[in-house]
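These notes are about the structure you will find just below.
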There are 2 protein chains.
Amino acid sequence: MASKLNVRHASQVACRDCSLSPLCLPLALKIEDIDELDEIIKRGRPLKKGEHLFLEGDSFHSVFAVRSGALKTYTSTNEGEEQITGFYLPSELVGLSGLDTDSYPVSAQAIETTMVCEIPFDKLEKLSDNHPSLRRQLMRIMSKKIREDQQMKLLLSKKNADERIATFLINLASRFRRRGFSSQSFRLSMSRNEMGNYLGLAVETVSRVFTRFQKAELIHANGKEIEITNAMELCILAGGKLADNADVVNIQ
Amino acid sequence: MASKLNVRHASQVACRDCSLSPLCLPLALKIEDIDELDEIIKRGRPLKKGEHLFLEGDSFHSVFAVRSGALKTYTSTNEGEEQITGFYLPSELVGLSGLDTDSYPVSAQAIETTMVCEIPFDKLEKLSDNHPSLRRQLMRIMSKKIREDQQMKLLLSKKNADERIATFLINLASRFRRRGFSSQSFRLSMSRNEMGNYLGLAVETVSRVFTRFQKAELIHANGKEIEITNAMELCILAGGKLADNADVVNIQ
DNA sequence: CGTTGCGTTGAGACATTTCAAAATGTGTGG
DNA sequence: CCACACATTTTGAAATGTCTCAACGCAACG
């Protein structure tokens, strides 16, 4: 089954018609300017699960907006194991961390069938020369990423397994919500293994926590299908800032 | 004793005369343009150890460049304990993570006597409207921060106590080197407690690792004074990307 | 000279990892 | 569409690294 996130997009929709535009880069532009952005965007064929968008070390040339599906980014430690650094849902921008080097510092791989909009960075820079608001949007996106990374570091250095998983689920729920999907029940696009890798936990621990959450009736999990049955409790467990969780608890 | 980093700066030196300019924002500007930057910079009195530059939640108005001394940034978890998110040495920019919100998401505090250059962000934005290179420099700085955070997440989720401390020391050494100081022997500006907090370790663990490293003759530690006696071995332990470590190993 | 803050050291507790095996799910070719 | 192979998930039991708690040493300081 294709991701729910797929259904609403034809393969070659323009930014001005894309339902993601209020979340994506066009957000920064006036309606009459969106077409300018549209012209520099390249839309390729869909990536199948497992295909790479770029590899660590590839020369940096573009940033990418996820249109449907999902991506992960990862680096390889020198022992050869991978460290997942992020998951990307529709409207989110991948590749910005390569911006100050000549090559991508991470690899980006589709974890389900995924469509992306490629934005050549030199052209984006030129465009943003004439559009301060686009510039600021880019800065905001990076600044937001830095704050999210801070939250992630807090998670990795202070939270226990339960809190990590709770945080992860709440965060996903909130991102789904903002995209117009249910924050109560959704489908995880990543495997338990990938989740554990990202959260700094062994697969087995992830599995055990899911079982425990299920018994505590916080969630109902069936493979990758997740239903959050006690959002309030889960938020408390996650223990993040209320602002991040509010929309998950209040509106369902 | 004041930090070694203090000695070369008079209190009101201009950017064009500041020895840090090749590492700092002026790097992005032509010599004749540096004075423009200079004019918007506010240089206040030195902060004493423990004084705050800004608090989490304060309204965002400026970014700051450290001129001498050192800062830490931290957030408070909802249980009230602090999570240190970074240490800042001279020429490094603090406050950029608040850029897309109206308030700072972290607090910034001096961990020794510290001088900063305050750069009001609205003025910096205006200046950068006319200086694409300054703009790009800002983007590069943020992008670099994102990559560093990725390394940090890797450290927190995959490395053990020894590897964490080794990585931390190597990283510090490398930053000192780039600022023209010895990478072999230096003074830690943070306490064991702060180091542990930052690295996701208990103070006691930090202390034990230091003792262990000393016995293995990797370092010689006397309180906050550190001498790296086997940089090569320490780099291997740190296990980071070679590029990050090269200058520590090769040149001493 | 007691007080206070910081660093060190030891012993036991504990959460998570590791290892191993079974169960379940998924994809492929016949 | 079934059967088989392979990957993923779950579960259990033992191993382990780090934390917690507690005590002590040391230096700075009023």
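Atoms considered below: every heavy atom in the structure, side chains included; atoms not considered: hydrogens, waters and symmetry mates. Chain naming here is simple, since letters A, B, ... match the order of the sequence lines and numbering starts at 1 in each. From a predicted model like this one, the values you see are computed outputs, not experimental measurements.
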So, do B/Val106 and B/Glu56 sit near enough that their side-chain heavy atoms are less than 4.5 Å apart? no
Whole angstrom value for the distance that separates C1' of D/dA7 from NZ of A/Lys49: 10 Å
Rounding to an integer number of Å, can you tell me how far A/Leu201 CG sits from D/dT10 P? 14 Å
Students often get this wrong, so: under 4.0 angstrom with heavy atoms, is A/Thr205 touching a base, only sugar-phosphate, or nothing? base
What is the distance, to the nearest angstrom, from the CZ atom on A/Arg212 to the P atom on C/dT16? 7 Å
Could you tell me how far apart A/Leu156 (CG) and C/dA15 (P) are, to the nearest whole angstrom? 19 Å
Should B/Glu92 and B/Lys144 count as an ion pair when the cut-off is N to O under 4.0 Å? no
Within the structure provided, determine whether A/Phe87 and A/Met190 are in side-chain contact (heavy-atom separation under 4.5 Å). yes
Let me know the distance between CG of A/Asn160 and P of D/dT18, rounded to the nearest Å. 17 Å
Least distance between heavy atoms, A/Ile84 atom then A/Tyr74 atom: CA-CB, 3.8 Å
Axis-to-axis angle between the two ends of the helix from C/dC1-D/dG30 to C/dG30-D/dC1 (five base pairs per end, rounded to 10 degrees): 40°
Are any side-chain N or O atoms of B/Thr114 and backbone N or O atoms of B/Leu47, one a donor and one an acceptor, separated by less than 3.5 Å? no
Scan B/Gly196 against the nucleic acid and name what it touches under 4.0 Å (heavy atoms): base, sugar-phosphate only, or nothing. nothing
Ranking A/Asn222 and A/Val206 by the position along DNA chain C of their nearest nucleotide, the one closer to 5' is A/Val206
Classify the side chain of A/Glu204 versus the base of C/dC19 as yes if they form a donor-acceptor pair under 3.5 Å and no if they do not. yes
Would you please confirm or rule out a distance under 4.0 Å between OP1 or OP2 of C/dT9 and any side-chain N or O of B/Ser207? no
Output the rounded distance in Å from CD (A/Gln214) to P (D/dT10). 9 Å
How close do B/Leu20 and B/Arg67 get, counting heavy atoms only, and between which atoms? CD1-O, 3.4 Å
To the nearest angstrom, how far is B/Lys158 atom NZ from D/dG17 atom P? 17 Å
Check: B/Arg208 side chain, C/dG7 base, donor-acceptor under 3.5 Å: no
Separation of B/Leu199 atom CG from D/dG17 atom C1', in whole Å? 16 Å
What nucleotide, of D/dT20, D/dG17, C/dT8, holds the atom closest to the side chain of B/Val203? C/dT8
Report yes if at least one side-chain N or O of B/Lys224 is closer than 4.0 Å to OP1 or OP2 of C/dG7; otherwise report no. yes
Could you go through B/Phe64 and B/Phe54, starting from their C-alpha distance and side-chain angles, then the distance that decides it, and tell me whether this counts as ring-ring contact (aromatic ring centres under 6.0 Å, His included)? CA-CA 10 Å; B/Phe64 300 84; B/Phe54 50 79; 5.8 Å; yes
